[in-house]
Amino acid sequence: QLPQITEPSPTFEQRSYVEDGYSLTKIRKAQGRFRKDVLANWRGCCAITGSRFAIDACHILSHAAGGAPSVENGIALASDLHRLLDSGHLRIEDNRAVFSDEARKDPRYKHFHDKELKQPLSPVKFD
């Protein structure tokens, strides 16, 4: 059983060092295979930028929403684009990257808005 914390939480400055702690992590057994297969399908490159750095294998339909850990439900994205996808600032429509108005204001993303995706080796389902 985890110890109960009775003191108020520390301020931001006081949180810089924690000696001991506990973390619960849910491990999905199929995740390693999903990552390997999705990255291979997209040739190890981000489907939008073409970059080979910090690439994530992303579920098109999220795992929480019942999305399968399959190549057909996977897209390779740079890690920041993965976050934008998960937060609703990036959508895939008609095989194109569609960024929110807010994301398009950022110089990193404005040039990728409405850009056609790279071609994967095997088809994926975006609907």
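Along the sequence shown, residues are numbered consecutively beginning with 1.
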Is any side-chain heavy atom of [X] closer than 4.5 Å to a side-chain heavy atom of [Y]?
X	Y	value
F112	L90	no
N73	K125	no
I75	V124	no

Single-linkage hydrophobic cluster, 4.5 Å side-chain cutoff, [X] and [Y] together:
X	Y	value
V98	Y109	no
I92	V38	yes
L117	L81	yes

Check whether any side-chain N or O of [X] sits under 3.5 Å from a backbone N or O of [Y] as a donor-acceptor pair, and report yes or no.
X	Y	result
D56	A78	no
N41	L121	yes
W42	G74	yes
R108	A103	no
R104	K110	no
T49	C46	no

Looking at K115, I want to see if its NZ is surrounded by more than 12 non-hydrogen atoms of other residues, nucleotides or ligands under 6.0 Å.
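It does: K115 NZ has more than 12 such atoms within range.
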
Non-neighbouring partners of D106 that pass side chain to side chain donor-acceptor pair (under 3.5 Å), sequence neighbours left out:
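If we apply the side chain to side chain donor-acceptor pair (under 3.5 Å) test to D106, skipping adjacent residues, there are no hits.
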
Test of understanding: with side chain to side chain donor-acceptor pair (under 3.5 Å), list the residues that count as partners of E93, not counting sequence neighbours.
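Applying side chain to side chain donor-acceptor pair (under 3.5 Å) to E93 gives R91.
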
Look up atom [atom1] in [X] and atom [atom2] in [Y], then write down how far apart they are to the nearest 0.5 Å.
X	Y	atom1	atom2	result
E72	D37	CD	CG	9.5 Å
C58	L84	SG	CG	10.5 Å
R83	H89	CZ	NE2	12.5 Å

Other than I55, what residues sit in its cluster of Ile, Leu, Val, Met, Phe, Trp and Tyr side chains whose heavy atoms are under 4.5 Å apart, directly or through others?
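Joined to I55, directly or through intermediates: L39.
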
Assert yes or no for the condition that the ring centre distance of H59 to F34 is strictly below 6.0 Å.
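For H59 and F34, the ring centres are under 6.0 Å apart.
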
Provide the closest heavy-atom pair for R52 versus C45 in the form atom of the first, atom of the second, distance.
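Of all heavy-atom pairs spanning R52 and C45, the closest is CZ-SG, 3.5 Å.
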
